[in-house]
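Heavy-atom basis, side chains included; hydrogens, waters and symmetry copies ignored. Lettering follows sequence order; numbering is per chain, from 1.
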Amino acid sequence: MSGLFHCGQEGNTMADRYIPQEIEPKWQARWEADALYKTGPADSRPKYYILDFYPYPSGEGMSVGHARNYVPTDVIARYYRMKGYNVLHPMGFDAFGLPTENAAIKLKVNPHILNERYSANYVRQYKLMGLSYDWSRLINSAHADYYRWTQWIFLQMFQSWYDPRLNRAAPIADLERELSEQGAQAIFDYIDAHAEHVGVVAKGTPVVSAAQWHAMSRREQNAYLMNFRLAFRAESTVNWDPVDKVVVADEEVEGGRAWRSGALVEKKIIRQWFFRITAYAERLANDLDTVDWPEKIVKMQRNWIGKSEGAEVDFEISDFGLPIAGQSQIANPKSKIRVFTTRPDTLWGATFMVLSPEHPLVVELTTDDRRAEVEAYVAQARAKTDEERTTAEKEKTGVFTGAYAINPVNGRRIPIWIADYVLMGYGTGAIMAVPAHDERDFAFALKYGLPIIPVIARPDGVAKSVVLPGSVDEHFRAELEQAGVEFYTAPLDEAGEGLCVTLRGDAQIDQYVELLRRHLKPGYWHEVVGARWLFVFDDGVEELDSVEADGRILARCAALRPAASNARTVMEMLTRQPFYQDVLFHAEYGMMMHSGPFSGTSGDTARQQVTAWLAQHGMGKRRVNYRIRDWLISRQRYWGTPIPILHTPDGEEALDPSELPLRLPEVENYEPTATGESPLANIPEFVNTPRGRRETDTMATWACSSWYYLRFSDPHNDQAPFGQKEVSYWLPVDMYVGGAEHAVLHLLYARMWTKVLYDLGHVPFIEPFKALRNQGMILSPQKKVDEKGREYFEKMSKSKGNVITPDEVVAEYGADALRGYEMFISDFSQTVPWNTQGVPGVRRWLERVWRIVLAPEEDKGMPVTYSGRELRRVAHQTILKFEKDIGDFSFNTIVAALMEFTNALYKARDAGLAGSPEWNEAIDILLKLIAPVAPHMAEELWARCGRPYSIHQQPWPVADAQAATEEEITIVVQVNGKLRDRITVPANADEETVKQAALQTNGARKSMNGKQPRQVIYVPGRLVSIVV
RNA sequence: GCCGAAGUGGCGGAACUGGCAGACGCGCACGACUCAAAAUCGUGUUCCCUAAAGGAGUGUGGGUUCGAUUCCCACCUUCGGCACCA
């Protein structure tokens, strides 16, 4: 039980009003003077590292929306400190980047100065809210003592490659040794056999032998190594933001627009710096299993990485124009077309090929008579932006090249087309088109009259057939009915009503075909489509199982029915019958058919079987493809970390770590250049060195934020980015909190850097953030109505003039009230509008706390009955509730529980309990529970109660399970599922007693109406359910 | 189109593992105090019914169960993400 309390005695009167404007600055100054929240070095206590996404300090400062995560993490930090943990709760600034640079240009103020100004303002706002960061660990990524180490890590990556055999990063020197001793063959062979390592080396890198390696110049060797380095420079098509005049990474493009500027991005081919994140694709995907993150973020990262498994298949190019039956007449291995497919089981249905317009073989393949059209198409595709190419219209376009390839599994000649729905950046830039089982290919084939041959059975076994009026004799219908076949009649053409038949399963289809054959009238045919593809003519049944059959069937149908003669394929003809619409196409796995020796192979194993067979016959091999591309890191701007590289006659050369930091030079003008070069390029003193020309691009800020969480463990180290001891003690981050908008940007990049540093022996863990939580957004409180009359709330933004700042809220209601409302506003992850009535509500609660602690005898209410036992129970239940809810990130219910606790104290006061031992204990508990939420008020009340400074260094109260237990419980009595009465019984009452008591209640007797209970169910501690 | 999340009073929201729907707060109404107001204290506040009794009720429609906000099926709406990825 607690010690002596002197609060609530004569010394305090109503004159002592709660004035946060006085007590908050007072305690903030004291805490700062005492360095109360300074985190010491590693010690024997358990550690807890709680981290907010470090912010970009903008000139606008923070809004109440930004505080949505800072307050809860502060509550957690304070809670863990009181629980006896060694807590690391730091803050820093992601200070480099375009907004500050753009502001610098506009205001004509040096960005260094703006950075200091903006950061200082953020610190002021944080302190205003009473956040308990350890300010001695403040980081600013634009300071040279920080970016020096960003450069150092860049060099680590530049000097490394990914050795697929070790499955980790290794020194580039190891690769050089291997190349010089035995060449690259072993590496490429290994990658071929281990498909998940495709990202280790740049696409199209030639395999060199040791002899070839030695024959290269140093410059050529360096260029070759670039294909392996984890930080590398390469020419590629990149996203160019014409407004900010920089390239941006794939991850920074949303719907064809640049993430920050909102400009439509253009394609440009430029030499740029990248990190080889694709080498880590497999691990980045797999290790997601080990983190406690929101499912949504995990899914988004998996989608972004986009792993898909399948096969690579080589298609030989047919001799131009020559008819080939069954066998290939070309042996030139250079003119193979390699495709990637996730559905090797559909290979027999590949009736044409499509190359991306950018595919290198297009020029070579195109025949003279097709050249003009092909070139026009390629030019037009080039001119389109990604935006136009993907979203303008979904209508597919393409042209025939005049060339043919050989489908390796059946030797058939198939036409090669080019179309912009095939992307050069994914897979091999070429596909085999299986129109019967791929939606895009289906649409394309229908448009251009290419044959569509089904090769996978419908798993549901459904087939359809239309019987035209007059096409069968008069007995057909009766027999169909007798056979139990499902059909209905419908007006089909001018001749009257026909039958629409739906068949299920092979047996029924065979029976149906038999019926047709007996009753078919001359001059007609019938088809069965869907599960099977049969055409019943008067002299036999044809199956749509090949391109030849397609032509044959079409010719016969056209002969019988001239209306069919303008269709180019059987499938095109069938699409005209609306009844067939849903059975003509499917993309599911199912039994293979029309596939030579593989016909009849079950859908579960088809893919694996065909892949193995292809490998055996040297036609293809298993392959893994990732959607993710390498991470573009360089920016043509001033305000970023300089890239520590020199361009020498021998190629790119790294600075020595001892030459770091490579400082950003002072410049007069930050304006980006018209040529797309960084402003640094205009500073000869910076660019020109005796050894070579400096790289003038800077790193995107994603580099800075990819390791700052490590630096916090040892922020002032000038020998290394962090000490081994410190990083091993503090990391990984136990709880990381921020917005969901960084799902695939920062969070993916930081994970990659951690893995690289792990591989190189700098950190002992593979994932940086054990647990992650996303806060919801806070919207403006003003309700708006859109043009459709729907109500909505808009985001807070300076341009809309609807920003509410913590400054104004603190000035009016105090920091503690703001903190309480930030927690109370809603579920933590929910997006919610700010409510201007909310803060005064919380403030009212704080005042109730203030009064009940300091002056419980004033303003009493009506006398009530309430026992000290009940007060103890509530107090201890509230401790348990707080601890459970904080683990669940349920901050709103913590505040609700504290309010209930406060209400209980008022009741206890009215029952005359003030000053009793139970009362004093309850006040002690209340103040400690409030300390993380309203730290200033808790400290003030603690002091006024004569307790020793500081409440924030008190141990967290321990819940007494006994005290928290209920002795009596209310049992609900239900009759036929409806609530009819309640009874109060001792918590330990046995089942029979409770049941009998329930049956005796007025409510139960009344609604049972004299009937005997058929069943009585007792749920211990909850209810009795009577069934009559 | 695909993936994910969410639909509960006038409002923000709560509800353990299937067991009293609406905790807590806002707003509103009434009462006490006051010359009066504010503040404060108290009472009430899902809807229908004058009230009681009773009935309905957690996006819609079905299902499982003694019992469903919770589980299953289908659908609708909103928000977020991805989007020709072979």
- Classify every nucleotide of nucleotides 39-47 of chain B by which part a protein heavy atom approaches to under 4.0 Å, writing B for the base, S for the sugar-phosphate alone and - for neither, in 5'-to-3' order. -SSS-----
- Query: Mind checking the P distance from B:A38 to B:U45? Whole angstroms is fine.
  - Reply: 23 Å
- Rounded distance in Å between the C1' positions of B:A83 and B:C3: 10 Å
- Message: Could you report the tightest heavy-atom contact between A:Asp441 and A:Met432, atom names first, then the distance?
- Response: OD2-O, 4.0 Å
- When rounded to the nearest Å, what value does the distance between C1' atoms of B:G22 and B:C47 take? 13 Å
- Task: For RNA chain B, determine which residues of residues 425-435 of chain A have any heavy atom closer than 4.0 angstrom to one of its atoms, and list them numerically.
- Result: A:Tyr426, A:Ile431
- Task: Give a yes or no on whether a salt bridge exists between A:Asp420 and A:Arg382, defined as a side-chain N under 4.0 angstrom from a carboxylate O.
- Result: no
- Listed partners of A:Lys795 passing salt bridge (charged side-chain N to carboxylate O under 4.0 Å, His left out), at least two apart: none
- Query: Atom NZ of A:Lys307 and atom P of B:A86: how far apart are they, to the nearest Å?
  - Reply: 13 Å
- Message: List the residues meeting ring-ring contact (aromatic ring centres under 6.0 Å, His included) with A:Tyr426, not counting sequence neighbours, and say none if there are none.
- Response: none
- Which label fits B:G9, syn or anti, where anti is any glycosidic angle not within 90° of 0? syn
- Note on the structure: RNA chain B nearest-nucleotide lookup for A:Trp845 and A:Arg440: closer to the 5′ end is A:Trp845
- Item | A:Leu747 CG - B:G81 P separation (whole Å) | 15 Å
- Out of B:A86, B:G19, B:C84, which nucleotide sits closest to the side chain of A:Asp438? B:A86
- Looking for any heavy atom pair under 4.0 Å, which part of the strands does A:Gly841 touch: base, sugar-phosphate only, or nothing? sugar-phosphate
- Query: In whole angstrom, what separates A:Lys995's NZ from B:G19's P?
  - Reply: 19 Å
- Comparing nearest nucleotides in RNA chain B, the 5'-proximal residue of the pair A:Asn625, A:Thr970 is A:Thr970
- Message: Taking the ring centre of each residue, are A:Trp417 and A:Tyr448 less than 6.0 Å apart?
- Response: yes
- Task: Quote, to the nearest angstrom, the P distance that separates B:G57 from B:G9.
- Result: 14 Å
- Under the salt bridge (charged side-chain N to carboxylate O under 4.0 Å, His left out) test, which residues partner A:Lys884, sequence neighbours left out? A:Asp888
- Task: With sequence neighbours excluded, tell me which residues meet salt bridge (charged side-chain N to carboxylate O under 4.0 Å, His left out) with A:Glu847.
- Result: A:Arg843
- Query: Is the distance from OP1 or OP2 of B:G25 to the nearest side-chain N or O of A:Asn903 less than 4.0 Å?
  - Reply: yes
Which atom pairs, donor and acceptor, lie under 3.5 Å between side-chain atoms of residues 968-983 of chain A and protein residues at least two apart or in another chain?
| from | atom 1 | to | atom 2 | distance (Å) |
| --- | --- | --- | --- | --- |
| A:Asn976 | OD1 | A:Val1028 | N | 3.1 |
| A:Asp981 | OD2 | A:Gly1003 | N | 2.8 |

- Message: Using atom C1' in both nucleotides, what's the gap between B:A15 and B:G27 to the nearest angstrom?
- Response: 23 Å
- So what does A:Ser308 touch, heavy atoms closer than 4.0 Å: a base, only the sugar-phosphate, or nothing? sugar-phosphate
- The reported gap from CZ in A:Arg68 to CG in A:Asn774 (rounded to nearest 0.5 angstrom) is 11.5 Å
- Message: Can you give me the closest heavy-atom contact between A:Leu779 and A:Glu794, atom names plus distance?
- Response: CB-O, 3.5 Å
- Nearest heavy-atom contact between A:Ala405 and A:Phe315 is CB-CB, 4.2 Å
- Measure from the side-chain heavy atoms of A:Arg982 and tell me the nearest of B:C20, B:A56, B:G81. B:C20
Please output the side-chain donor-acceptor pairs of residues 345-354 of chain A that fall under 3.5 Å, not counting sequence neighbours, one pair per line with the distance.
| from | atom 1 | to | atom 2 | distance (Å) |
| --- | --- | --- | --- | --- |
| A:Asp345 | OD1 | A:Arg343 | NE | 3.0 |
| A:Asp345 | OD2 | A:Arg343 | NE | 3.4 |
| A:Asp345 | OD2 | A:Arg343 | NH2 | 3.0 |
| A:Thr346 | OG1 | A:Arg343 | O | 2.7 |
| A:Thr351 | OG1 | A:Pro451 | O | 2.8 |

- Task: Scan nucleotides 12-17 of chain B nucleotide by nucleotide, 5' to 3', and note B when protein non-hydrogen atoms come under 4.0 Å of the base, S if they reach only the sugar-phosphate, - if neither.
- Result: BSS-B-
- Which value, in whole Å, describes the distance between the P atoms of nucleotides B:C75 and B:A21? 31 Å
- Item | Residue A:Ile1017, side-chain heavy atoms: nucleotide from B:C66, B:C85, B:C3 that is nearest | B:C66
- Given B:A86, B:C3, B:G19, the nucleotide with the shortest approach to the side chain of A:Lys299: B:C3
- Message: With a 4.0 Å cutoff (strictly under), does any side-chain N or O of A:Gln974 reach OP1 or OP2 of B:G67?
- Response: no
- Message: If I take atom CZ in residue A:Phe442 and atom P in nucleotide B:A86, what distance separates them, rounded to the nearest angstrom?
- Response: 20 Å
- Message: Whether the side chain of A:Lys296 and the base of B:C3 hold a donor-acceptor pair under 3.5 Å is what I'd like checked.
- Response: no
- With sequence neighbours left out, what residues match A:Asp314 under salt bridge (charged side-chain N to carboxylate O under 4.0 Å, His left out)? A:Arg338
- Looking only at non-hydrogen atoms, find the nearest pair between A:Phe585 and A:Ala436 and report the distance. CD1-O, 3.4 Å
- Task: Just call it for A:Ser1025: base, sugar-phosphate, or nothing, with non-hydrogen atoms closer than 4.0 Å on any strand.
- Result: base
- Message: Give me the atom names and distance for the closest heavy-atom approach of A:Glu991 to A:Tyr1018.
- Response: CG-CD2, 3.6 Å
- Interatomic distance, A:Leu779 CG vs B:C11 P [rounded to whole Å]: 17 Å
- Task: Mind calculating the distance between CG (A:Asn774) and P (B:G81) to the nearest angstrom?
- Result: 13 Å
- Message: How close do A:Met300 and A:Val744 get, counting heavy atoms only, and between which atoms?
- Response: O-CG1, 3.6 Å
- Message: Categorize A:Val1027 for me: base, sugar-phosphate, or nothing, with a 4.0 angstrom heavy-atom threshold over every strand shown.
- Response: sugar-phosphate
- Considering residues at least two apart in sequence or located in another chain, which fulfil the ring-ring contact (aromatic ring centres under 6.0 Å, His included) criterion with A:Phe882? A:Tyr79, A:Trp956
- Message: Just the rounded figure in Å: distance from P of B:G81 to CH2 of A:Trp304.
- Response: 13 Å
- Message: So A:Arg843, base contact, sugar-phosphate only, or nothing? Heavy-atom distance under 4.0 Å.
- Response: nothing
- Rounded distance in Å between the C1' positions of B:U64 and B:G18: 11 Å
- Taking pairs as Watson-Crick (N1-N3 plus N6-O4 or O6-N4) or G-U wobble (N1-O2 and O6-N3), each distance under 3.5 Å, the stems of three or more consecutive pairs with RNA chain B are B:1-7 with B:76-82, B:10-12 with B:24-26, B:27-32 with B:40-45, B:46-48 with B:54-56, B:59-63 with B:71-75
- Task: Counting heavy atoms from C-beta on, name the nucleotide in B:G55, B:C82, B:C26 closest to the side chain of A:Lys978.
- Result: B:G55
- Query: How close or far is atom C1' of B:U65 from atom CD of A:Gln1015, stated in whole angstroms?
  - Reply: 11 Å
- Message: What's the gap between B:G10 and B:U58 when it is taken at their P atoms, as a whole Å value?
- Response: 14 Å
